[in-house]
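Notes for the one structure printed next.
Keep in mind it's a predicted model, so treat the numbers as computed, not measured. The analysis underlying the following values was restricted to heavy atoms, covering all of them including side chains, and did not include hydrogens, waters or symmetry mates.
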Amino acid sequence: MPDAPDRAAVPTRGARAEPPGGSAAKDPAGSSAGAPDFLGRALADARSPRVPALSPYVPERPFPWSGPGLPLSDGGRRQTDAAAASRGPRGRAAAGARTDSGHRLAATGTGTLGAAPIRHDAPLDLARLLRLSLAAPAGTSGRLRPVPSAGALHPVRAHLLVGPGCSLPPGRYAYDPHTHRAHPRGPAPDGVPAGVLVVLTVAASRTVAHYGHRAWPLLLLDAGHAAAALAQAGPPTADVLVCLDADGALLSAAAGLPRAPARHSEWQAAELEPPLAAVWFTPSGGLVRTIDPLSAWETRGRASAPVRAPRPPIAQPCELSRTQRLLSLLAQAPARPAGTWHPASRPEGVTGKTLTTRRSAPPENLRRPPERELLASVLTTARAASPAGPDWTVVTGGAAPALYTASPGRPGLLLHAHGDARPTLAHWAARQTWIGTTGAVLLAHGCPDDASPAEVRISHLAAGYAIGLAQTHATALGLRSRAIGSWQQADLGAALGEAPGRDWIVHGLALGAPPAKTTTPPATRTATPPATRTATAPAAPTAAPRATRPTPHSTAPPAPGTTARTTPPGEEERP
């Protein structure tokens, strides 16, 4: 597969530079005439070889919602006050610190806050749902969770809109994954449907500090992965619907959050949280398709505000402001504000253990090609995840490397092109050389240069959602995997001889077969005197067959002035 032509790097903007598109693009809601140019330049910049500038480490902010919150399970309360104190404000909250009114949570089998009991026998157990999806494992730093994230930064936040039939009393809550607690934020409006609606937002500051101008696509992918993790964790007794295209203003109103442009005047202590997706769990058999859950929750009872930071506010970096404006633009969907709800299904063989033990494999464990039947199964899962999502291709190594697509109307893989595309993929994915030797790579691609905001949003969210499902399915099949989030100059269509700028790689999943089982020959029972033993040299390893690259493939280095660091800040691959 030929390399895509190198494109000129987008100049680095100064700290006080105007937003892309000039002063006309300053409107955070993206309603100005400069919005299309703003998006187009941001898309080209994220795909360019420009390396993110090094930034100081940005610590994770304390959870901004007051009070200790409701412990969702006994496991969330098993830590001493001394251990909690060492973790700062979040840890003290986990240990049951006093609220402003001086009350503590009841240390019994049923947690209470005031007169609100937590029912662990309810049809929808939110403790289990969140433990299998978003919770940080107890006793860890929280970097490795059931849901993957770029740089293990986990910017996605979950707001729980709880109706009847759940283990929490009806109301709005903010979920803290570090402490596995739900912080009450206000009552539920009258007439909300049974079940729980989870609105997913992103807090971008740490991801932007880590990845700079490449952060916003990763934030969208992270939100898609979080939606997939939630959808797969749903109990068998619940119907699960996923929405990746609802209007951001409606999502904010349903979650009891202010509109993003007004956030600094209303909640100056809080970081902007543009809402991007929602997952809805209802008891099986309910008439969910006749209800608009977001509109039912839009009637805003007064929701609690975040705790004001005790220190002076931190200056907003220019790159962070641009990212937040861009996410607010992408979240708009005025033509279809209620969004499109698709039923979610758990891939075959996925269990609770699969969800909690899924981890991204080290690159050295991904070199053995998986069986074609297993690759076809994972590809089918990705393609079926979202009808409006991107296109899909599987790149394989081994003795006969090639590119495959899904075979229409029947199972299996359809040959698309001969040759070894993995070295080119390694070049495109921030020079991660290990990709050149991986067994196979599943690619999501599409999102042309002139894509609309709605297409950019759904391409990335659906890619993250589908890769999340595919990675869990691969784990259930015994395959090893590692998601690849950042791609530069990855014009797959142009590399295959099609029109340039129309078919870009959005996301990827490296796949490897399980380690080969080694058999140890039985030891001989014939004793040999030590003086007469003869050492036998091991047999020389058989040379692996050389992969045949396609004739037009070129691995020449990029033009001067466009080279990127071998390992960009924080590693570009998703851990």
Side-chain angles (χ1 to χ4, degrees), residues 60-120 122 124-143 145-147 154-162 166-188 196-201 203 226 229-230 233 255-257 270 273 281 303-307 356:
E60 187 172 2
R61 297 186 183 183
F63 196 69
W65 308 99
S66 60
L70 300 177
L72 292 174
S73 65
D74 290 340
R77 297 193 298 267
R78 289 174 182 169
Q79 58 177 317
T80 63
D81 290 342
S86 65
R87 295 178 58 190
R90 181 182 288 113
R92 288 191 294 273
R98 293 182 180 274
T99 63
D100 294 337
S101 60
H103 297 292
R104 284 185 180 271
L105 295 173
T108 63
T110 301
T112 60
L113 184 60
I118 298 178
R119 293 180 51 204
H120 295 296
L124 285 177
D125 184 359
L126 301 184
R128 180 184 182 276
L129 172 68
L130 295 165
R131 178 177 57 81
L132 295 179
S133 56
L134 305 182
T140 70
S141 65
R143 286 177 55 84
R145 305 185 192 178
V147 57
H154 299 286
V156 180
R157 294 177 178 173
H159 293 267
L160 313 178
L161 314 184
V162 180
C166 297
S167 53
L168 284 173
R172 293 185 177 95
Y173 300 84
Y175 175 64
D176 185 352
H178 285 272
T179 63
H180 197 43
R181 289 178 178 244
H183 294 248
R185 295 193 47 245
V196 59
L197 180 65
V198 184
V199 174
L200 298 174
T201 65
L230 282 165
L257 302 170
E273 293 183 38
F281 302 86
S304 65
V307 179
T356 54

V156 versus T201: any side-chain heavy-atom pair under 4.5 Å? no

Closest heavy-atom pair and its distance - L132, P146: O-CB, 3.6 Å

Scanning both residues in full, the closest heavy-atom pair of S133 with L230 reads OG-CD2, 3.4 Å

Any side-chain heavy-atom pair of L168 and V196 under 4.5 Å: no

Apply the test side-chain contact (heavy atoms from CB on, under 4.5 Å) to residues D125 and L72: give CA-CA distance (whole Å), side-chain angles for both, the deciding distance (0.1 Å), then the verdict. CA-CA 9 Å; D125 184 359; L72 292 174; over 6 Å; no

Can you name the side chain to side chain contact (heavy atoms under 4.5 Å, CB included) partners of P170, sequence neighbours left out? A188

Walk me through it: do E60 and H154 pass the test side-chain contact (heavy atoms from CB on, under 4.5 Å)? CA-CA 10 Å; E60 187 172 2; H154 299 286; over 6 Å; no

Atom pair CG (L197) and CG (L160), whose distance is rounded to the nearest 0.5 Å: 9.5 Å

R185 side chain vs A255 backbone, donor-acceptor pair below 3.5 Å: yes

Heavy atoms, side chains only, cut-off 4.5 Å: are L126 and V162 in contact? yes

Quick check for you: to the nearest 0.5 Å, what is the distance between E273 atom CD and L257 atom CG? 6.0 Å

Hey, are the side chains of R172 and P184 touching, using non-hydrogen atoms and a 4.5 Å cut-off? no

Decide yes or no for R145 and P137: does some side-chain heavy atom of the first lie under 4.5 Å from some side-chain heavy atom of the second? yes

Specify the closest pair of heavy atoms between D176 and H183, including all atoms of both residues, with the distance to one decimal. CB-NE2, 4.0 Å

Evaluate the side-chain proximity of V198 to F281: yes if any heavy-atom separation is below 4.5 Å, no if none is. yes

side-chain contact (heavy atoms from CB on, under 4.5 Å) between L161 and Y173: does it pass, once the steps are laid out? CA-CA 7 Å; L161 314 184; Y173 300 84; over 6 Å; no

Minimum heavy-atom separation for A122 to S167, with atom names? CB-N, 3.5 Å

Please find the pair of heavy atoms, one from A158 and one from L134, that lie closest to each other, and give the distance. CB-CD1, 3.7 Å

Could you report the tightest heavy-atom contact between G142 and A136, atom names first, then the distance? CA-CB, 3.7 Å

Check against ring pair (Phe, Tyr, Trp, His ring centres under 6.0 Å), Y175 and H159: CA-CA 6 Å; Y175 175 64; H159 293 267; over 10 Å; no

